[in-house]
Chemist: 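Sharing a structure here in structure tokens format.
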Amino acid sequence: MPPPLRTTIAACAAAAAVVLGAPAIADEAVRSMSTEIVLGPQGAAVRHVLVVRAEGRDIEHGVFFNVPRALGPIADLRAVRDGRDEGIARDGRELRLGRREVRLEPGTYTYEVSYTAAAPFLRRPDGTQRFSWSPIVDDFDLAWERGDVAVVWSGDEPVRVDGPADANAGLGRFAWSVEPGDGARDLVLTWNPGAWAPELVRTPSVNPTLRYGGPLGALLVFAACHLMWRRVGRDRPAGPLRPTLTPPAGLSAAALGYVARMTYDVRAFAAALASLVSKGALTMQRDGKRTLRLRRGAGGAGLAAGEAALLDALFDGDADAEIGPRSSRLPKAQAAHAKSLRGEHQARFWSENRGAWGAVLVLALAVIAALVA
């Protein structure tokens, strides 16, 4: 075998041995998380032990997790990674382990985190005192393999225990394990009133601003709406109805429909066209199935302002015009007709009360802003 070929085969064999002998890339995951909570006269002492596998993808500098809200305020934070002090930062309920300037090499790391809660119990409306815990490991975005929790207390035994049925329970202790797919594995311990010192028990806060300010603010806005309605929003008394055989003076057929409906629509447009034809100001002739040919007539005396605006917009200075499905004359003429009717009759017959609406809206927004603040 020629030397170059022997060299190539040997190189390929060595590369294959390296590839086949190399360990597979491990997935980043929380291997385990053990939690121990000790309840005593000083509150709760919490200790977590996390074992994580880092590969430099999601876990670059450390890990983070949230402390359950039911534990109340915490203090005395301390973190250790593989026996050495580790950086720890807090953002609300979130604890961040690690330092920005330290990038973890691929490997398995063990974190120990401890803190205290001065008032871990919550007083219920019936006076009982409750402690609850939700396993933290179930909140990780990373994959996780297992977790376990142990709660230890001194003093009176709880009068009620709500927790996993397969837990290891005994006097002064309750422990259980958590695995992916288990669902909710929470623990709630309830003691009689007075079992724990008052300083260890939190009372649910009642925000007086929301409790009293919310209904008062809503009542204020309602009163403002009612006053505005009584002042500017109520219709005038209708008075006696007197039927007539002729239209009201100064109102064309289109204007009469516009006033009655308080809006412009195709019926007002059709009525104006019919009136223009009857007065000789307009002739219409069908040109095909969907096209009308219009010619301006000699008549024009006695046109209402809206009719004159419609006529001028239809022809736009021309003697004749053609209106089809895609003609731009038709929407322009309707817009000019609506504008003329609105300017001539709206302020005379009704008001949209935009100023009153705006004032009430500003008041409502001010009330909401005050409550939020």
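None of the values given here were measured: they were computed from a predicted structure.
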Chemist: Enter the distance from L77:CG to S114:OG here, rounded to the nearest 0.5 Å.
Modeler: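 Answer rounded to 0.5 Å: 8.0 Å.
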
Chemist: Hey, could you give me each pair passing side chain to side chain donor-acceptor pair (under 3.5 Å) that has a residue in residues 160-177? Not counting sequence neighbours.
Modeler: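 Listed once each, the pairs are R160-D162, D166-R185.
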
Chemist: With side chains defined as the heavy atoms from C-beta onward, is the minimum distance between D58 and L142 less than 4.5 Å?
Modeler: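 Yes; the side chains approach each other to less than 4.5 Å.
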
Chemist: Kindly assign one of parallel, tilted or perpendicular to the pair F349 and H345, based on the angle between their ring planes and the thresholds 30° and 60°.
Modeler: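 The rings of F349 and H345 sit tilted, inter-plane angle from 30° to 60°.
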
Chemist: Would you mind listing every side chain to side chain donor-acceptor pair (under 3.5 Å) that reaches into residues 66-77, with sequence neighbours excluded?
Modeler: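 Sorted result for residues 66-77: D76-T116.
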
Chemist: Can you list the other members of the hydrophobic cluster that holds L216, where links are side-chain heavy atoms under 4.5 angstrom apart?
Modeler: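 Same cluster as L216: nobody, lone residue.
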
Chemist: Any idea which heavy atoms bring Q129 and N192 closest together, and the distance?
Modeler: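 Answer, listing the atom of Q129 first, then N192: OE1-O, 3.8 Å.
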
Chemist: Check ring-ring contact (aromatic ring centres under 6.0 Å, His included) between F269 and all other residues, then give those that pass, not counting sequence neighbours.
Modeler: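 Once residues adjacent in sequence are excluded, F269 has no partner under the ring-ring contact (aromatic ring centres under 6.0 Å, His included) criterion.
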
Chemist: Mind listing the closest non-hydrogen atom pair of G40 and L200 along with its distance?
Modeler: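 Closest approach of G40 to L200: O-CD1, 3.5 Å.
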
Chemist: Would you say the side chain of S154 lies within less than 4.5 Å of the side chain of L39, judging by non-hydrogen atoms?
Modeler: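 They are not in contact (no side-chain heavy atoms under 4.5 Å apart), so the answer is no.
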
Chemist: For the pair R53 and E28, find out whether any cationic side-chain nitrogen is under 4.0 Å from an anionic carboxylate oxygen.
Modeler: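 No, R53 and E28 are not salt-bridged.
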
Chemist: Under 4.0 Å between a Lys/Arg side-chain N and an Asp/Glu carboxylate O for D126 and R124?
Modeler: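 Salt bridge: no.
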
Chemist: Got F315 and L294 here, is their nearest side-chain heavy-atom distance under 4.5 Å?
Modeler: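 F315 reaches L294 side chain to side chain.
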
Chemist: Please, which pairs that meet side chain to side chain donor-acceptor pair (under 3.5 Å) have at least one residue in residues 101-110, sequence neighbours excluded?
Modeler: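 Listed by first then second residue: E60-R103.
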
Chemist: Could you list the donor-acceptor pairs under 3.5 angstrom formed between side-chain atoms of residues 43-52 and any protein atom two or more places apart in sequence or on another chain?
Modeler:
{"from": "R47", "atom 1": "NH2", "to": "E112", "atom 2": "OE1", "distance (Å)": "3.3"}
{"from": "H48", "atom 1": "ND1", "to": "T35", "atom 2": "OG1", "distance (Å)": "2.9"}
{"from": "H48", "atom 1": "NE2", "to": "Y115", "atom 2": "OH", "distance (Å)": "2.7"}

Chemist: Evaluate the side-chain proximity of L227 to F222: yes if any heavy-atom separation is below 4.5 Å, no if none is.
Modeler: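 Contact flag for F222/L227 side chains = no.
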
Chemist: Do the non-hydrogen side-chain atoms of I74 and R90 ever get within less than 4.5 Å of each other?
Modeler: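 With C-beta onward as the side chain, the pair touches.
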
Chemist: Could R31 and E145 be called an ion pair, given the rule that one side-chain N must be under 4.0 Å from one carboxylate O?
Modeler: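 Salt bridge: yes.
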
Chemist: Between D312 and R296, does any NZ, NE, NH1 or NH2 come within less than 4.0 Å of an OD or OE carboxylate oxygen?
Modeler: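 Judged by the 4.0 Å cut-off on N to carboxylate O distance, R296 and D312 do form a salt bridge.
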
Chemist: Examine W196 together with F131 and report whether their ring centres are nearer than 6.0 Å.
Modeler: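 No, the ring centres sit 6.0 Å or more apart.
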
Chemist: A side-chain contact here means heavy atoms from C-beta on lying under 4.5 Å apart; do I323 and T291 qualify?
Modeler: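 When only atoms from C-beta onward are counted, T291 and I323 do not touch, as no gap falls below 4.5 Å.
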
Chemist: Measure the shortest side-chain to side-chain distance between W153 and W191 over non-hydrogen atoms and say whether it is less than 4.5 angstrom.
Modeler: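 W153 vs W191: side chains touch.
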
Chemist: May I ask you to say whether R84 pairs ionically with E86, meaning some side-chain N is under 4.0 Å from a carboxylate O?
Modeler: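 No salt bridge links R84 with E86.
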
Chemist: What I want to find out is whether R96 reaches E94 closely enough, with some N-O distance under 4.0 Å, to be called a salt bridge.
Modeler: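 A salt bridge links R96 with E94.
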
Chemist: Measure the shortest side-chain to side-chain distance between V178 and W144 over non-hydrogen atoms and say whether it is less than 4.5 angstrom.
Modeler: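 They are in contact (side-chain heavy atoms under 4.5 Å apart), so the answer is yes.
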
